Amino acid sequence: MRELDVARIADAVAGALETAASRLPEDYLRALETAADREAAPLAKDVIATLLENARYAESEAIPTCQDTGMAVLFVELGQDVHLVGGDLNAALDAGVRRAYGELRKSVVADPLLRVNTRDNTPAIVHLRMAPGDGVRIDALMKGFGAEMMSRSGMLPPSAGIAGVKTFVLDVVRSAGPNACPPLIVGVGIGGSFDTVGGHAKHALVRALGAANDAPHLAELERDLLAQINALGVGPQGLGGVTTALAVHVEAAPTHIAALPVAVNLNCSAPRRVSIAL
């Protein structure tokens, strides 16, 4: 049994989020550059060029890429052969978030109705899953809530099928228009239950851009949805063009025979994403 001090987890989370706030993923930036070459409309090209300039400037000056530095969402895979020592895992995760958000905007309220700010962006949203082995993996998102507000879940009848899923996803993106800050990364969850399908949609956002689902029928669905979303003409920042989304990622899970749950979680043009392995 491997021992791991939770202080190492706190340090790793803090360092990773501090970096992610000002440095967007390389795969995302490459996808933006490719999109700029593909766009014919001058305004769409200008918008993408501005997004790239903003990203490069933020990284060079170590300042946030967006004023909404989001809410920390942590997907934790805890190896079953790891013995955590030195304290409580959730407290360590929050300690890392608290340190990372020291100079960043404080966006979390302790109660959804009373609206009292926690002043340190805790607690993080934590999805914990046991895994084989003696390692710990954390996939983290600094999730902005402009795009989050435009996300949606629904319980479709099984008869809706793939066509119903496509209609649902396209309706979400069309309704979001410019408000989700495109170009988007579109996370789609299918299956599970009412309480889990949104988590599948969000977990889909941690996948590297361009990495298709291993299941052929879901990979085909991702390609079809990306083509149809970009045919909507929303474009970068909603100003028109063929780059409404850079990627569609689908995650599916077993579900009940009586339902077809589906959820869409949108990520904006500042996708702060980072992975940690300990």
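Here the structure is a predicted model, which is why all the values come from computation and not from measurement. Just the heavy atoms: all of them, side chains too, but no hydrogens, waters or symmetry mates, feed the values below.
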Does the distance from a Lys or Arg side-chain N to an Asp or Glu carboxylate O, for [X] and [Y], drop under 4.0 Å?
X: Glu148; Y: Lys202; value: yes
X: Asp11; Y: Arg99; value: yes
X: Asp120; Y: Lys106; value: no
X: Lys166; Y: Asp224; value: yes
X: Arg23; Y: Glu59; value: yes
X: Arg8; Y: Glu3; value: no
X: Arg56; Y: Glu33; value: yes
X: Arg30; Y: Asp27; value: no

Verdict with supporting geometry, Val76 and Arg129, side chain to side chain contact (heavy atoms under 4.5 Å, CB included): CA-CA 6 Å; Val76 182; Arg129 186 176 79 86; over 6 Å; no

Hydrophobic cluster membership, with links at side-chain heavy-atom distances under 4.5 Å among I/L/V/M/F/W/Y: are [X] and [Y] in one?
X: Val234; Y: Leu266; value: yes
X: Val97; Y: Leu205; value: no
X: Leu239; Y: Leu184; value: no
X: Val264; Y: Leu209; value: no
X: Met130; Y: Ile276; value: yes

Are side-chain heavy atoms of [X] and [Y] found at a separation under 4.5 Å?
X: Leu104; Y: Asn121; value: no
X: Val188; Y: His249; value: no
X: Ser22; Y: Ile63; value: no
X: Asn117; Y: Val108; value: no
X: Gln237; Y: Cys181; value: yes
X: Arg272; Y: Thr65; value: yes
X: Ile9; Y: Ile138; value: yes
X: Thr243; Y: Arg38; value: yes

Gap between atom [atom2] of [Y] and atom [atom1] of [X] - 0.5 Å precision:
X: Asn213; Y: Glu220; atom1: CG; atom2: CD; answer: 12.0 Å
X: Tyr28; Y: Ser269; atom1: OH; atom2: OG; answer: 5.0 Å
X: Thr69; Y: Glu103; atom1: OG1; atom2: CD; answer: 11.5 Å
X: Arg2; Y: Leu84; atom1: CZ; atom2: CG; answer: 9.5 Å
X: Leu246; Y: Leu226; atom1: CG; atom2: CG; answer: 8.0 Å
X: Arg174; Y: Gln228; atom1: CZ; atom2: CD; answer: 9.5 Å

Among [options], whose side chain to side chain contact (heavy atoms under 4.5 Å, CB included) with [X] holds?
X: Leu24; options: Leu32, Asn54, Leu29, Leu52; result: Leu29
X: Val126; options: Asp94, Val73, Asn90; result: Asn90
X: Leu93; options: Val13, Val6, Thr122; result: Val13
X: Ile190; options: Val250, Val197, Val169; result: Val250

For residues [X] and [Y], report the shortest heavy-atom separation together with the two atoms involved.
X: Val186; Y: Ala245; answer: CG2-CB, 4.1 Å
X: Leu17; Y: Ala72; answer: CD1-CB, 4.3 Å
X: Pro25; Y: Arg273; answer: CB-NH2, 3.7 Å
X: Leu74; Y: Ala124; answer: CD1-CB, 4.0 Å
X: Ile48; Y: Ala36; answer: CG2-CB, 3.8 Å
X: Ala263; Y: Ser153; answer: CB-CB, 3.7 Å

Donor-acceptor contact present, side-chain Ser175 to main-chain Val172, <3.5 Å: no

Is the side chain of Asn230 donor-acceptor paired with the backbone N or O of Thr244 at a distance under 3.5 Å, no angle test? yes

Is it the case that atom [atom1] in [X] sees more than 12 heavy atoms from other parts of the structure closer than 6.0 Å?
X: Asp111; atom1: CG; result: yes
X: Arg105; atom1: CZ; result: yes
X: Phe145; atom1: CZ; result: yes
X: Arg152; atom1: CZ; result: yes
X: Ile162; atom1: CD1; result: no

Side-chain cluster (under 4.5 Å, hydrophobic types only) that Met155 belongs to, other residues: Phe194

Check the pair Thr255, Ser193 against side chain to side chain contact (heavy atoms under 4.5 Å, CB included), reporting the backbone distance first and the verdict last. CA-CA 6 Å; Thr255 189; Ser193 58; 6.0 Å; no

Audit row: Leu128, Glu77, side chain to side chain contact (heavy atoms under 4.5 Å, CB included) steps and yes/no: CA-CA 6 Å; Leu128 177 62; Glu77 285 190 0; over 6 Å; no

Applying side chain to side chain contact (heavy atoms under 4.5 Å, CB included), run through Ser275 and Arg137 and close with a yes or a no. CA-CA 7 Å; Ser275 295; Arg137 178 183 173 89; 3.4 Å; yes

Would you call the rings of His127 and Phe75 parallel, tilted or perpendicular, taking 30° and 60° as the class edges?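 Taking Phe75 first and then His127, their aromatic rings lie parallel (interplane angle under 30°).
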
